[in-house]
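Below you'll find the structure, written out as structure tokens, and then a few comments.
It should be emphasised that the depicted structure is a prediction, and the values quoted were computed from it without experimental measurement. A note on names: the letters A, B, ... follow the listed sequences, proteins ahead of strands, and every chain is numbered from 1.
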Amino acid sequence: MATGRSYDMDICEELDWRASVQQTTDPDHLPQWLAAASRTLYAGFDPTSDGLHVGNFVALMMLRRFQKAGHRPIVLAGGATGMIGDPSGKNQERTLLSPEIIDHNLQSISGELQQFLDFESSNGAILVNNYDWMKRWDYLSFLRDIGKHFPVNVMLAKESVKTRLEQTDAGMSYTEFSYMLLQAYDFVHLHKEFGCELQVGGSDQWGNITAGIELGRRLGTSPLYGITCPLLTRSDGAKMGKTEQGTIWLSPQKTSPYAFYQYWYNVDDDVVGRCLRLLTEMEREDILALDEDRQVDPGSRNSQRRLAETITEFVHGKDGLSKACRASEVLFGAEVSALSDQELAEIFSDVPSETVDRGELSGDGLDILEAFCRAGLAKSKSEARRCISQGGAYVNNHRVEDVEARLSTNDLASESVMVLRSGKKRYALLMFP
RNA sequence: GGGGGGUUUCCCGAGCGGUCAAAGGGGUCAGACUGUAAAUCUGAUGGCAAUGCCUUCGCAGGUUCGAAUCCUGCACCCCCCA
């Protein structure tokens, strides 16, 4: 991860072009200030789950861009703030996570965070955990030294608090209300400790960031700055990175490279441009060329392909990308019967599989309805029957039309695996060891 | 305390004592079209050894040849009057 460039590159202009800026605290002076010297900045990630997901990606890219421009990023893992739960953007009180879970999550995300930044060079990134300094406080001192600087009327005016309180049935506990203080203090602490002067985050962090800046002002630090980036949303307004099946994670254990690749490949036309800008480090001319291409021939979906390739390679490496591509090829119709057990296992690693006794294939063979049920593609034989009679059932990518069909060893795709499919995309494997 | 209304298949919601596995919508699944999209259109949508059989209409009983539909009791929900 080379960071060859110097900080005289116009990072503000770059971020602007990439539509990465929602709001800044000081739009007039920020560009000069950033151009004048190598600055230290931070973004926080709370251990609310045991991995990073697409939603965290925007802020990570932000840090990366700053680092490339010669600034020094700090990644803050929120061991302390995670104990409390950020009310921002949530319309309900959060349930507290147990310390054990938080600790476990902390381990996972800390590891992942390191993948995306350079920790070696002169402006190498720093990983910190706010629990390390928060644990030193006792309650009374914190109230006297920090809490004293927070006017409640100002806190109440913050968007994150206001929206929650306006929903009469939601409400907010004192605990969550205090979250802001912790994050504000983080900023001030990082300033004292590392000279950190800028905080970046998603637009939902605006209130927390400005709280930190305000606290700094009252405690007499030099001016602090904040930048928020827009939250990535789909054209229907839903947050990116969530599907019906769940969150898209960065870790290959939680979301396979294939599923990851597919997610980006299927991004809507009207969002893909923003994704290319916001989430990749692709050159401007390439992105503009894709914009053009999309206008002329949207059906080619070159934008989606490039987006999927670029991000998948970035997150999962060349190897992950090639696996994802290969799986995509096969899962979208290619012939399956020429493959070996091992190849199938690799390609269909995402696909649920069931083991069935090989003996079932001998004699009359295995009832096709039974097979679809066992594979989990149908909840009942009626459902399986329906699926077949409507032409939605496939064995080894070949449509099955006969409801009475029976499967034998001839229907194995490889030595011992059979590939079943319902509809266009729902696959399942049956293994006959 | 008094009076009234409700509880239906994944969800909403219609259901005359038989022709009710139960209208309609949503969702979901599949098909066509397509760009592995969106929109649209079509079909399906309790289970099973399937021209039939079994289980479902808050719960438990009862009336009846026959009940989601009538009666009794119970539970939960809503509304109105005090």
Could you check which nucleotide pairs with [N] in any of the strands shown, counting Watson-Crick or G-U wobble with both distances under 3.5 Å?
N	value
C16(B)	none
C33(B)	none
G1(B)	C81(B)
C76(B)	G6(B)
G61(B)	C71(B)
C48(B)	G52(B)
A39(B)	none

Fill in: Gln304(A) side chain vs Val267(A) backbone, donor-acceptor pair below 3.5 Å
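Yes, because the side chain of Gln304(A) sits within donor-acceptor range (under 3.5 Å) of the backbone of Val267(A).
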Worksheet item: So, the side chain of Arg399(A) versus the backbone of Gly391(A): is there a donor-acceptor pair under 3.5 Å, distance only?
Response: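 Answer holds: yes.
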Please measure how far the [atom1] atom in [N] lies from the corresponding atom in [M], and state the result in whole Å.
N	M	atom1	answer
C78(B)	G43(B)	P	41 Å
G6(B)	G13(B)	P	13 Å
C59(B)	U9(B)	P	10 Å
G4(B)	G52(B)	P	45 Å
C29(B)	C65(B)	C1'	41 Å
U64(B)	G26(B)	C1'	38 Å
A68(B)	U56(B)	C1'	10 Å
U19(B)	C70(B)	P	16 Å

Item to complete: Please tell me which of the listed nucleotides, G35(B), A30(B), U36(B), lies nearest to the side chain of Arg426(A)?
Response: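 Closest nucleotide to the Arg426(A) side chain: A30(B).
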Item to complete: Could you check which of G35(B), C29(B), U36(B) has an atom nearest any side-chain atom of Asp269(A)?
Response: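 So the side chain of Asp269(A) is nearest to G35(B).
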Worksheet item: Nearest nucleotide by nearest heavy atom, which residue falls closer to the 5' end of RNA chain B, Gly391(A) or Lys425(A)?
Response: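 In this pair, the answer is Gly391(A).
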Fill in: Residue pairs involving residues 15-25 of chain A (criterion side-chain hydrogen bond (donor to acceptor under 3.5 Å, both in side chains); sequence neighbours excluded)
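Matches after skipping sequence neighbours: Glu14(A)-Arg18(A).
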Practice prompt. Would you check, one step at a time, whether the test salt bridge (charged side-chain N to carboxylate O under 4.0 Å, His left out) holds for Asp293(A) with Arg301(A)?
Written response: CA-CA 9 Å; Asp293(A) 176 82; Arg301(A) 289 189 308 151; over 6 Å; no
Discussion item. Quick check: Tyr394(A) with Tyr427(A) (ring centres under 6.0 Å apart)?
Written reply: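 Centroid distance Tyr427(A)-Tyr394(A): not below 6.0 Å, so no.
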Item to complete: Answer with base, sugar-phosphate or nothing: what part of the nucleic acid does Tyr263(A) contact at a heavy-atom distance below 4.0 Å?
Response: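 Tyr263(A): no heavy atom of the nucleic acid under 4.0 Å.
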Practice prompt. Tell me what Ser389(A) touches on the nucleic acid: a base, only sugar-phosphate, or nothing, going by heavy atoms under 4.0 Å.
Written response: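 Result for Ser389(A) = nothing.
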Rounding to a whole Å, what distance do you find between [X]:[atom1] and [N]:[atom2]?
X	N	atom1	atom2	answer
Arg421(A)	C29(B)	CZ	C1'	15 Å
Leu307(A)	U36(B)	CG	P	17 Å
Arg399(A)	A30(B)	CZ	P	12 Å
Glu404(A)	A50(B)	CD	C1'	11 Å
Leu377(A)	A30(B)	CG	P	10 Å
Glu401(A)	G31(B)	CD	P	12 Å
Ile388(A)	C29(B)	CD1	P	18 Å
Tyr265(A)	U36(B)	OH	P	6 Å

Item to complete: I would like to know whether Asp118(A) and Lys68(A) meet salt bridge (charged side-chain N to carboxylate O under 4.0 Å, His left out); could you show each step before the answer?
Response: CA-CA 9 Å; Asp118(A) 169 18; Lys68(A) 279 201 163 177; over 6 Å; no
Fill in: By salt bridge (charged side-chain N to carboxylate O under 4.0 Å, His left out) - contacts of Glu313(A) (at least two apart)
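So Glu313(A) forms a salt bridge (charged side-chain N to carboxylate O under 4.0 Å, His left out) with Lys318(A).
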Worksheet entry | ring pair (Phe, Tyr, Trp, His ring centres under 6.0 Å) partners of Trp33(A), counting only residues at least two apart |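 For Trp33(A), the residues satisfying ring pair (Phe, Tyr, Trp, His ring centres under 6.0 Å) (neighbours in sequence not counted) are Tyr225(A).
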Donor-acceptor pairs are to be reported for all side-chain atoms of residues 360-374 of chain A against protein atoms at under 3.5 Å, with residues two or more places apart or in another chain.
{"from": "Glu360(A)", "atom 1": "OE2", "to": "Arg374(A)", "atom 2": "NH2", "distance (Å)": "2.9"}
{"from": "Ser362(A)", "atom 1": "OG", "to": "Gly359(A)", "atom 2": "O", "distance (Å)": "2.6"}
{"from": "Asp367(A)", "atom 1": "OD1", "to": "Leu369(A)", "atom 2": "N", "distance (Å)": "3.3"}
{"from": "Glu370(A)", "atom 1": "OE1", "to": "Lys381(A)", "atom 2": "NZ", "distance (Å)": "3.3"}
{"from": "Glu370(A)", "atom 1": "OE2", "to": "Arg374(A)", "atom 2": "NE", "distance (Å)": "3.0"}

Discussion item. So, under a plain 3.5 Å distance rule, would you say the side chain of Asp297(A) forms a donor-acceptor pair with the base of G35(B)?
Written reply: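 In this structure, the two groups form no donor-acceptor pair.
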Fill in: Short N-O contact, Glu343(A) and Arg326(A), less than 4.0 angstrom
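Looking at Arg326(A) together with Glu343(A), the answer is yes, because their closest N to O distance falls below 4.0 Å.
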Discussion item. Between Thr48(A) and Asp46(A), is there a side-chain donor-acceptor contact under 3.5 Å, judged purely by atom types and distance?
Written reply: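 Per modelled atom types, Asp46(A) and Thr48(A) side chains form no pair under 3.5 Å.
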Discussion item. Under a plain distance cut-off of 3.5 Å, with no hydrogens placed, do Gln183(A) and Gln205(A) share a side-chain donor-acceptor pair?
Written reply: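 On atom types as modelled, these side chains qualify, holding a pair under 3.5 Å.
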Can you pull every protein N or O that's under 3.5 Å from an N or O on nucleotides 8-10 of chain B?
none

Discussion item. Under 4.0 Å from OP1 or OP2 of A37(B): is there any side-chain N or O of Lys424(A) that close?
Written reply: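 No, no such contact exists.
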Worksheet item: Just to confirm, is there a sub-4.0 Å distance from OP1 or OP2 of U36(B) to any side-chain nitrogen or oxygen of Tyr258(A)?
Response: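 Checking U36(B) against Tyr258(A), no side-chain N or O comes under 4.0 Å of OP1 or OP2.
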Fill in: Nucleotide-resolved protein contact map, nucleotides 38-49 of chain B, B/S/- at heavy-atom distance under 4.0 Å
-----BSS-SSS
